[in-house]
Amino acid sequence: MLKNALLTLLAVAIAVGLGGGSVWYALHAQSGVGAIRIGPWTAFPDIGTPNADPYSQARIAREGVLALGRAEGLAFVAESDSAGQKLRRECAYTIAGAFPTARFWTLYAADQSLDVIATGKARPAALHSYEVLRQTDNSASISVSSRPAPGNWLLVNGTGTLYFVLTFYDTPIANSTGLSDVTLPGIVKGRCDA
């Protein structure tokens with residue numbers, strides 16, 4: 001009888017552990033149900049709509065954020081560079097390429113909870129479309145590092161995991177079914193501080 005009780009407790013512990021682990025993964029992963037991937041960028045187009053899947057709804061409830069509906073815009077998150085390596089705060093990156101048409105867009109460096117990284121300086125770890133210098137073909141190149149760089153520079157300092165959040169507001173791509181035709185800027189890794 002004691003053997004049956006121990007086996008039952010073991011089975012319950014394994015079930016609760018694996019179930020809790022799978023829910024934690026589903027809520028923290030930047031992939032999964034309803035996700036679209038364009039290069040290193042991932043978005044959940046239905047996250048702010050009534051058609052959002054249960055995991056997306058749980059993610060919004062856990063984070064306590066106000067999700068954008070399809071008419072308002074679309075947010076993309078990058079957790080790795082274009083080569084597939086995880087982003088790190090101690091490395092320098094170049095975000096370069098064309099940005100889709102939008103009335104306004106923002107780009108910021110984020111921590112694991114997708115909050116803007118506190119830089120400890122007067123300069124925030126964020127840029128927006130009105131302040132970015134563009135090339136003649138309307139593309140842009142943004143340097144991301146702890147050291148100042150000429151042109152567009154996004155300050156990131158410290159160590160640990162890094163995410164980039166690129167949000168487009170009032171954009172035709174948010175309510176388009178042709179998201180596969182959209183191109184987003186690439187993320188190229190530079191030097192890393194040891």
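Residue indices begin at 1 and follow the sequence shown. This one's a predicted model, so the numbers in the text were calculated from it and none came from an experiment. Note: hydrogens, waters and symmetry copies are ignored here, and every other heavy atom, side chains too, is used.
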Problem - All salt bridge (Lys or Arg N to Asp or Glu O under 4.0 Å) counterparts of Arg89, not counting sequence neighbours - result: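 Residues passing salt bridge (Lys or Arg N to Asp or Glu O under 4.0 Å) with Arg89: none at all.
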For the atom pair [atom1] ([X]) and [atom2] ([Y]), what is the distance rounded to the nearest 0.5 Å?
{"X": "Leu107", "Y": "Phe164", "atom1": "CG", "atom2": "CZ", "value": "7.0 Å"}
{"X": "Lys86", "Y": "Leu162", "atom1": "NZ", "atom2": "CG", "value": "11.5 Å"}
{"X": "Thr161", "Y": "Gln112", "atom1": "OG1", "atom2": "CD", "value": "4.5 Å"}
{"X": "Tyr108", "Y": "Leu114", "atom1": "OH", "atom2": "CG", "value": "6.0 Å"}
{"X": "Leu184", "Y": "Arg37", "atom1": "CG", "atom2": "CZ", "value": "11.5 Å"}

Practice task
Kindly give the cluster partners of Leu9, where membership spreads through any ILVMFWY side chain lying under 4.5 Å from a current member.
Solution key: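 Other cluster members: none.
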Practice task
Indicate, with yes or no, if Val132 and Leu154 share a hydrophobic cluster defined by side-chain heavy-atom contacts under 4.5 Å among Ile, Leu, Val, Met, Phe, Trp and Tyr.
Solution key: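 Yes; tracing contacts between hydrophobic side chains, which count when under 4.5 Å, links both residues.
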Exercise for the section: Flag yes if Ile142 and Leu155 sit in one hydrophobic cluster, no otherwise; membership is Ile, Leu, Val, Met, Phe, Trp, Tyr, and two members link when side-chain heavy atoms are under 4.5 Å apart. Expected result: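 Shared cluster, no.
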Closest non-hydrogen atom pair between [X] and [Y], with its separation:
{"X": "Arg191", "Y": "Ser145", "answer": "NH2-CB, 4.1 Å"}
{"X": "Glu90", "Y": "Thr159", "answer": "OE1-CA, 3.0 Å"}
{"X": "Pro185", "Y": "Trp41", "answer": "O-NE1, 2.7 Å"}
{"X": "Ala75", "Y": "Ala43", "answer": "O-CB, 3.3 Å"}

Exercise for the section: Just say parallel, tilted or perpendicular for the rings of Phe104 and Tyr169, cut-offs at 30° and 60°. Expected result: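 Tilted: the ring planes of Phe104 and Tyr169 meet at 30° to 60°.
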Exercise for the section: For side chain to side chain contact (heavy atoms under 4.5 Å, CB included), just list the numbers for Ser141 and Thr94, CA-CA rounded to whole Å, side-chain angles, deciding distance to a tenth of an Å, and then say yes or no. Expected result: CA-CA 7 Å; Ser141 180; Thr94 301; 3.5 Å; yes
So do [Y] and [X] actually touch side chain to side chain, heavy atoms under 4.5 Å?
{"X": "Leu74", "Y": "Thr167", "value": "no"}
{"X": "Tyr93", "Y": "Asp81", "value": "yes"}
{"X": "Leu87", "Y": "Pro40", "value": "no"}

Problem - Where at least one partner belongs to residues 132-164, residue pairs that pass disulfide (SG to SG under 2.5 Å), sequence neighbours excluded - result: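 Listed by first then second residue: nothing to list.
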Problem - Qualifying disulfide (SG to SG under 2.5 Å) pairs with a residue from residues 91-146, counting only residues at least two apart or across chains - result: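 Sorted result for residues 91-146: Cys91-Cys192.
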Looking only at atom types and distance, does a side-chain atom of [X] sit under 3.5 Å from a main-chain N or O of [Y], one as donor and one as acceptor?
{"X": "Asn157", "Y": "Thr119", "value": "yes"}
{"X": "Ser82", "Y": "Ile187", "value": "yes"}
{"X": "Asn152", "Y": "Leu133", "value": "yes"}
{"X": "Trp153", "Y": "Ser146", "value": "no"}
{"X": "Ser139", "Y": "Gln135", "value": "no"}

Exercise for the section: Return the set of residues passing ring-ring contact (aromatic ring centres under 6.0 Å, His included) with Phe99 (not counting sequence neighbours), or none when no residue passes. Expected result: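 Testing Phe99 for ring-ring contact (aromatic ring centres under 6.0 Å, His included), a comparison that skips the adjacent residues, returns Trp105.
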Handout entry: Test log, rule side chain to side chain contact (heavy atoms under 4.5 Å, CB included), inputs Leu127 and Glu131
Key = CA-CA 7 Å; Leu127 293 173; Glu131 67 184 351; 3.4 Å; yes
Problem - Residue pairs, two or more places apart or on separate chains, that pass salt bridge (Lys or Arg N to Asp or Glu O under 4.0 Å) and touch residues 133-151 - result: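 Listed once each, the pairs are Arg147-Asp193.
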Handout entry: Worked verdict on Phe76 versus Ile38 for side chain to side chain contact (heavy atoms under 4.5 Å, CB included)
Key = CA-CA 9 Å; Phe76 289 88; Ile38 302 173; 4.0 Å; yes
